[in-house]
> 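Below you will find the structure I want to go over with you.
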Amino acid sequence: MWSRPHLLGIEGLDASEVGYLLDRAASFLGPMPKTDALHGRVIVNLFFESSTRTRTSFEIAGKKLGADVINVSPSTSSVSKGETLLDTIRNVEAMHADILVLRHASSGAPQFLAKHARSSIVNAGDGTHEHPTQALLDVLTMRKRLGDLKGCIVAICGDILHSRVARSNALLLGLLGANVRLTGPRTMLPREAARLGPTVTIMPTLSDAVEGADVVMMLRIQNERFSGAALPTTREYTKTFGLNTAMLGRAKPNALVMHPGPINRGVEITSAIADGGQSVILDQVAAGVAVRMAVLEAVGRTRGAA
Ligand code: CP
């Protein structure tokens, strides 16, 4: 079951907590009627970085659960006048917010807030650290197609170093017994894959990572998270680490192609693959609403019981 007031990351969760969230999310897949599970609760979406999928799906999820959902964006809030994150949260809490959904460029921002907040904090992506609901929706999508993920091979390819998606997925997939292969340019790989879990291996080339894989997950280069040139040219990157039809042919027949979005078409993935029969990219987006309903309901219930 679930007894935590916050969801700050995958790190620290155990298999039963993850199993609870995934099973509950699976029950929310498909067109769901509104419920009143969070009727009377106030959810505030605080997105200090751009988002299409995560912010929209948290809003839909909160409304499906009967909550009142407010969106605060930094450009139109008093953050633009210099107000700190903590002061922003204290003011929002003074208006009786129950759940704060936070996306922030600083790794650790949700963990910091959780120490000071009275409300529940849900991490919607912090810097290069974690994006727990993305990993949960990715795994929900995989489980729906592949069943039990124990022993499955998942290749995660691209800018691993700056990717909170890669980190949360490696932790979660490891917990579920999947074998995770990470690959990308040397400047975009973590030094120690072992820190992400015993089932995680770094592969030297895209072809090594994709060979025989059940799932190929492509990542966008996170240009906003580093300065200077981490790559010779985008063209060179595409040639070496872009997924095309020939490369996908090295994976298992009918291997799933995933991408958390936003996609840079023609850079890390061709349009033919992104829109092709093996792509489950829009299934991931659909699973996002279900996962976020499960997470909001879980932390909302814990808070209600407190
Ligand atoms: N996958 C993801 O986090 O997308 P957004 O940045 O659009 O929310």
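Ligands are counted one by one from 1 in listed order, and the atoms in each one are counted from 1 as well. Computed from heavy atoms alone, side chains included, the values below leave out hydrogens, waters and symmetry copies.
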> Using a 4.0 Å cutoff against the non-hydrogen atoms of S51, which atoms of ligand 1 qualify?
5 (P), 6 (O), 7 (O), 8 (O)

> Let's go through V154 and D214 carefully: what are the C-alpha distance in whole Å and the side-chain angles of both, what is the deciding distance for side-chain contact (heavy atoms from CB on, under 4.5 Å) to 0.1 Å, and is it a yes or a no?
CA-CA 6 Å; V154 180; D214 297 279; 5.9 Å; no

> I'd like to check whether P262 has a polar contact with ligand 1, where a contact means an N/O of the residue lying under 3.5 Å from an N/O of the ligand.
no

> May I ask you to identify the nearest protein heavy atom to atom 6 (O) of ligand 1, giving residue, atom name and distance to one decimal place in Å?
R103 NH1, 2.9 Å

> List ligand 1 atoms under 4.0 Å from G261, heavy atoms only on the residue side.
1 (N), 2 (C), 4 (O)

> Does the residue E49 have a heavy-atom contact with ligand 1, meaning some pair of atoms that are separated by less than 4.0 Å?
no

> For E211, enumerate each residue passing the salt bridge (charged side-chain N to carboxylate O under 4.0 Å, His left out) test, keeping only those at least two apart in sequence or located in another chain.
R250

> Heavy-atom contact check, 4.0 Å cutoff: does G125 meet ligand 1?
no

> Take Q278 and N254 through the test side chain to side chain donor-acceptor pair (under 3.5 Å) and record every step on the way to the result.
CA-CA 6 Å; Q278 288 173 251; N254 302 319; 5.5 Å; no

> Write out the residue and atom name of the closest protein heavy atom to atom 4 (O) of ligand 1, then the distance separating them to 0.1 Å.
R53 NE, 3.0 Å

> Once salt bridge (charged side-chain N to carboxylate O under 4.0 Å, His left out) is applied, do any residues pair with R4, and if so which ones, sequence neighbours excluded?
E17

> Going through the checks in order, is the side chain to side chain donor-acceptor pair (under 3.5 Å) test met by S119 and E93?
CA-CA 7 Å; S119 48; E93 284 188 333; 2.5 Å; yes

> Name the residue from I43, V299, D68 that meets the side chain to side chain contact (heavy atoms under 4.5 Å, CB included) definition with L38.
I43

> Closest non-hydrogen protein atom to atom 7 (O) of ligand 1, residue and atom name please, with distance?
T52 N, 2.8 Å

> Test the R103-F47 pair against the cation-pi criterion, namely NZ or CZ under 6.0 angstrom from the six-membered ring centroid and within 45° of the ring axis.
no

> Starting from atom 2 (C) of ligand 1, what is the nearest protein heavy atom, named by residue and atom, and what distance separates them?
T54 OG1, 3.5 Å

